[in-house]
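Protein chains get the first letters and strands the later ones, always in sequence-line order, with residue 1 at the start of each. Computed from a predicted structure; not experimentally measured.
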2 protein chains.
Amino acid sequence: MAAVDDLHRTADERLRADGQRYTANRRALVDVLATSGCPVTMTEVLAAAEGLALSSAYRNLAVLEDAGVVHRVVTTDDTARYELAEDLTGHHHHLVCTTCGVVADIDVPEALEHHIDELARSAAAATSWSVDHHRLDLLGTCPTCRSAQRS
Amino acid sequence: MAAVDDLHRTADERLRADGQRYTANRRALVDVLATSGCPVTMTEVLAAAEGLALSSAYRNLAVLEDAGVVHRVVTTDDTARYELAEDLTGHHHHLVCTTCGVVADIDVPEALEHHIDELARSAAAATSWSVDHHRLDLLGTCPTCRSAQRS
DNA sequence: ATGAGTGCAAAGGCTTTGCATTAGG
DNA sequence: CCTAATGCAAAGCCTTTGCACTCAT
């Protein structure tokens with residue numbers, strides 16, 4: 001998998017640029033996130049990375065986030081989720097289940113992104129805030145919770 | 001203030017429909033949220049509603065949320081914020097400060113809302129999720145934190 | 001009088017931190 | 001060697017819950 005090698009190389013570079021080492025634990029975390037396909041909870045991270053201590057997972061995910069490799073996703077419940085940074089996976093948005101909290105990725109039409117960028121510019125101009133990113137979530141019910149409702 | 005009277009009447013109706021009473025504490029909470037103009041933290045709620053117990057504030061905000069009077073806003077930090085439900089204040093989106101967490105309201109052009117609704121429909125059709133709402137946040141730095149950075 | 005609402009204190013759950021040990025450069 | 005990283009346990013912080021008391025109907 002050349003793509004995965006590239007990912008690790010990029011992660012390594014970013015951590016070094018941040019004065020950090022790309023250790024086995026950190027590499028394992030990146031693998032977990034690259035494999036999962038959607039933002040994952042700490043519980044899921046620990047299940048996928050056997051032998052990794054809870055505190056190391058939190059600390060390393062924070063280090064990876066500081067280095068711009070990982071993004072911490074906060075939705076509506078009290079459990080954070082983690083995914084690879086957008087510039088590694090491509091810009092996307094989220095479908096969030098308001099029942100169980102699970103998050104899926106969705107792509108958004110270029111035209112809509114363009115409209116949002118315009119909004120960001122005009123809002124920044126009107127408010128004296130600076131605007132860096134945006135976040136568009138669709139909130140609803142995932143297939144699993146939908147079938148649970150019906151039964 | 002006729003508008004505020006309407007607000008309290010609506011809140012009262014919704015609580016009763018939910019089998020709940022519109023008590024003095026709950027009325028005070030609605031007043032705090034109506035006055036603040038942007039989503040507020042629990043700390044701010046307690047400061048504004050003198051004599052209100054922490055547990056009562058949490059419990060009553062939960063009751064008000066269940067009744068559809070209040071909306072709990074989760075952004076990027078670990079402190080929830082509360083605002084009046086959108087159908088009481090009008091649909092809007094948020095400007096979130098990634099430094100201090102403060103949240104401001106912004107209105108979004110009708111055309112953009114329309115595009116987002118289309119996205120919601122197509123995403124629902126493509127994924128077998130059901131989609132109820134959306135949430136668009138602009139993430140950046142508020143004026144206060146911007147001046148703190150410069151100094 | 002009867003159940004909802006309230007306040008205090010204690011407990012919960014996710015996350016962070018202190019500290020001794022281990023490993024990488 | 002020397003600093004960073006790790007793992008365990010303890011602490012923190014926001015939030016929820018248990019329980020006795022008060023208030024409204």
Side-chain angles (χ1 to χ4, degrees), chain A residues 8 11-32 39-67 69-83 100-103, chain B residues 8 11-12 14-32 39-67 69-82 100-103:
Chain A
H8 286 305
D12 191 2
E13 285 165 10
R14 292 189 186 177
L15 282 181
R16 285 183 196 290
D18 228 40
Q20 302 283 347
R21 300 173 189 165
Y22 195 41
T23 64
N25 276 349
R26 292 171 186 174
R27 196 183 168 92
L29 286 169
V30 169
D31 272 327
V32 168
V40 289
T41 62
M42 179 54 62
T43 306
E44 293 164 341
V45 167
L46 293 176
E50 288 183 58
L52 180 62
L54 177 67
S55 57
S56 297
Y58 275 114
R59 265 193 284 238
N60 285 326
L61 286 169
V63 167
L64 288 164
E65 189 181 19
D66 281 345
V69 176
V70 161
H71 177 61
R72 186 174 195 261
V73 179
V74 176
T75 57
T76 57
D77 54 7
D78 47 5
T79 52
R81 284 156 205 270
Y82 299 87
E83 66 182 359
C100 73
V102 74
V103 178
Chain B
H8 286 304
D12 191 2
R14 291 189 186 178
L15 282 180
R16 285 184 195 289
D18 227 42
Q20 301 284 347
R21 299 175 191 164
Y22 195 40
T23 64
N25 276 349
R26 293 171 184 174
R27 195 182 170 92
L29 286 169
V30 169
D31 272 326
V32 169
V40 289
T41 61
M42 179 54 62
T43 305
E44 293 164 341
V45 166
L46 293 177
E50 287 183 59
L52 179 62
L54 177 67
S55 58
S56 296
Y58 275 113
R59 265 191 285 237
N60 284 325
L61 286 169
V63 167
L64 288 164
E65 190 182 18
D66 282 344
V69 177
V70 162
H71 176 61
R72 188 175 193 260
V73 179
V74 176
T75 57
T76 57
D77 55 6
D78 47 5
T79 50
R81 285 156 204 272
Y82 299 87
C100 72
V102 74
V103 179

Say whether, by atom type as modelled, one donor and one acceptor occur between the side chain of A/Arg27 and the main chain of A/Tyr22 under 3.5 angstrom.
no
Applying side-chain contact (heavy atoms from CB on, under 4.5 Å) to A/Leu46 and A/Met42, what does each step give before you reach the verdict?
CA-CA 6 Å; A/Leu46 293 176; A/Met42 179 54 62; 4.0 Å; yes
For the pair made of [atom1] in [X] and [atom2] in [N], what is the distance, rounded to whole Å?
{"X": "B/Arg81", "N": "D/dC14", "atom1": "CZ", "atom2": "P", "value": "12 Å"}
{"X": "A/Asp77", "N": "D/dT15", "atom1": "CG", "atom2": "P", "value": "13 Å"}
{"X": "B/Glu65", "N": "D/dT16", "atom1": "CD", "atom2": "C1'", "value": "14 Å"}

Take A/Tyr82 and A/Leu64 through the side-chain contact (heavy atoms from CB on, under 4.5 Å) test and state the conclusion after the steps.
CA-CA 10 Å; A/Tyr82 299 87; A/Leu64 288 164; over 6 Å; no
In terms of heavy-atom contacts, B/Val30 and B/Val69 come closest through CG2-CG1, 4.1 Å
Heavy-atom closest pair, residues A/Leu52 and A/Ala57
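Residues A/Leu52 and A/Ala57, closest heavy atoms: CD2-CB, 3.7 Å.
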Residues in contact with DNA chain D, drawn from residues 39-49 of chain A - heavy-atom cutoff 4.0 Å
none
Would you check if A/Val70 and A/Leu29 make a side-chain contact, meaning some heavy-atom pair closer than 4.5 Å?
no
Residue pair B/Val40 / B/Arg81, side-chain heavy-atom distance below 4.5 Å
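Sidechains of B/Arg81 and B/Val40: no contact.
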Output, in order, the C-alpha distance, side-chain angles, deciding distance and verdict of side-chain contact (heavy atoms from CB on, under 4.5 Å) for B/Asp31 and B/His8.
CA-CA 9 Å; B/Asp31 272 326; B/His8 286 304; 2.9 Å; yes
Check the side chains of B/Asp77 and B/Thr79 for a donor-acceptor pair under 3.5 angstrom, ignoring hydrogens and angles.
yes
N-O pairing of A/Asp12 and A/Arg16 below 4.0 Å:
yes
Between protein and nucleotides 16-21 of chain C, what N or O pairs are separated by less than 3.5 Å?
{"from": "C/dG18", "atom 1": "O6", "to": "A/Arg59", "atom 2": "NH2", "distance (Å)": "3.0"}

Contact under 4.0 Å: A/Asn60 side-chain N or O vs D/dT6 OP1/OP2
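So the side-chain polar atoms of A/Asn60 do come within 4.0 Å of the phosphate oxygens OP1 or OP2 of D/dT6, strictly under.
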Near-strand residues of residues 15-31 of chain B, defined as heavy-atom separation under 4.0 angstrom from DNA chain C:
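Correct list: B/Gln20, B/Arg21, B/Thr23, B/Asn25, B/Arg26.
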